[in-house]
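Only heavy atoms go into these numbers, but all of them, side chains included; no hydrogens, no water, no symmetry mates. Keep in mind it's a predicted model, so treat the numbers as computed, not measured.
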Amino acid sequence: MEPSRWSRTVTIAAVLMLAGIAAVVSYSHMYELALRHGEPPWRAALFPLSVDGMIVGASMTLLSDARQGRKGGLLPWALLIIGSVASLAANVAVADPTMWSRIIHAWPSFALIGAYELLMREFRTAAKSVRTAYADDEQDSSDGLDSSLGSGLRLVDPSGQDKAPKPFTPFQARAWAWAEEWERDQGKLPDGKKIGERFGRKERWGRLVKERGLYDRRYFQGTHSRLSKT
């Protein structure tokens with residue numbers, strides 16, 4: 001396992017363990033608070049879930065925004081802050097009126113919120129890395145393909161022969177292999193939209209992969225033809 005992957009796995013495992021311990025203690029504190037204020041046991045059992053559920057929902061919305069390359073909106077941030085404050089306040093409310101008791105009762109909620117945010121940070125970082133890789137891949141496609149497609153899928157060097165095409169990235173090569181398999185089954189290549197949808201990319205990306213694959217095919221067919229004549 002790669003060092004970065006190993007580090008991320010250990011971090012996530014440690015954070016999950018911490019979050020689990022803190023969640024149990026924080027839940028019991030909020031359950032006790034609800035009982036003290038006259039709630040029946042079944043409603044008291046749901047009260048902690050409504051508080052921590054708000055934190056989870058807001059964090060997942062922020063994670064989704066990060067995956068889409070958007071900044072977190074005002075509403076999820078507001079709900080996250082309100083839920084965190086409510087969780088801390090509920091835990092402190094059941095403490096004895098001493099400083100250390102309040103600190104001890106506040107700690108599980110604080111640890112849970114902190115652990116959960118650390119976990120979300122790992123996921124947001126991973127999402128950002130995926131977006132960056134996709135952006136780099138698409139930029140490579142645009143740089144390499146636009147230059148080779150601008151003259152009708154034909155690049156010519158000073159000697160008058162076709163230039164060798166720039167190699168596909170592994171992701172592009174996988175897409176072109178799928179397109180060729182589709183061609184064998186259906187009798188024709190899929191259009192750019194189908195290729196893009198199959199690999200979670202834009203239609204333009206799929207179209208460029210298709211055109212690049214066709215250019216490669218023509219180049220190697222031409223090279224083979226020239227070699228066979230010599």
Side-chain angles (χ1 to χ4, degrees), residues 1-135 197-201:
M1 186 179 293
E2 298 177 0
S4 59
R5 199 171 178 184
W6 169 255
S7 175
R8 185 179 297 113
T9 301
V10 172
T11 299
I12 292 175
V15 167
L16 286 174
M17 181 183 68
L18 173 61
I21 295 171
V24 171
V25 179
S26 178
Y27 181 93
S28 66
H29 287 165
M30 286 190 279
Y31 177 74
E32 179 185 347
L33 177 66
L35 288 177
R36 283 187 187 181
H37 287 77
E39 292 291 342
W42 72 272
R43 287 210 301 257
L46 295 176
F47 171 66
L49 299 179
S50 69
V51 177
D52 292 335
M54 181 183 292
I55 297 173
V56 173
S59 295
M60 292 305 295
T61 300
L62 293 172
L63 174 61
S64 178
D65 288 340
R67 284 177 171 169
Q68 299 298 323
R70 301 189 302 262
K71 291 184 178 180
L74 178 61
L75 179 59
W77 276 114
L79 293 178
L80 178 61
I81 294 171
I82 292 171
S84 300
V85 172
S87 179
L88 282 168
N91 278 268
V92 172
V94 297
D96 294 331
T98 64
M99 181 185 69
W100 283 112
S101 179
R102 287 168 179 166
I103 292 175
I104 290 171
H105 280 73
W107 183 256
S109 178
F110 175 77
L112 175 60
I113 295 167
Y116 190 78
E117 279 307 302
L118 285 175
L119 185 62
M120 289 299 101
R121 182 179 180 183
E122 287 293 325
F123 290 152
R124 285 193 289 265
T125 300
K128 184 177 180 181
S129 299
V130 171
R131 287 201 323 273
T132 301
Y134 277 8
E197 288 177 348
R198 174 64 177 79
F199 290 87
R201 307 302 293 275

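Under the side-chain contact (heavy atoms from CB on, under 4.5 Å) rule, I55 has a single partner from L80, I81, I82, which is L80. Results of the side-chain hydrogen bond (donor to acceptor under 3.5 Å, both in side chains) test with N91 over H105, R102, H29 single out H29 as the only residue that passes.
Taking the side chain as every heavy atom from C-beta outward, L46 and L49 approach each other to under 4.5 Å. Side-chain contact between W100 and I103 is present, with at least one heavy-atom pair separated by less than 4.5 Å. No side-chain heavy atom of F110 sits less than 4.5 Å from a side-chain heavy atom of S84.
Nearest heavy atom pair, residue A44 against residue L35, reads CB-CD2, 3.7 Å. The nearest pair of heavy atoms linking L88 to A106 is CD2-O, 3.6 Å. For the pair A93 and L33, the tightest heavy-atom approach, listed with the atom from each and the gap, is CB-CD1, 3.8 Å. Taking both residues in full, the closest heavy atoms of P48 and M30 are given as CG-CB, 3.7 Å, listed atom of the first, atom of the second, then distance. Minimum interatomic distance between P108 and S26 (heavy atoms only, all atoms of both residues): CB-N, 4.0 Å.
Judged purely by atom type and a 3.5 angstrom limit, S59 has no side-chain atom pairing as donor or acceptor with the backbone of V56.
Once rounded to the nearest 0.5 Å, the distance linking OG1 of T61 with CG of L79 reads 8.0 Å. We find the CD1-CE distance between I104 and M99 to be 10.0 Å, quoted to the nearest 0.5 Å.
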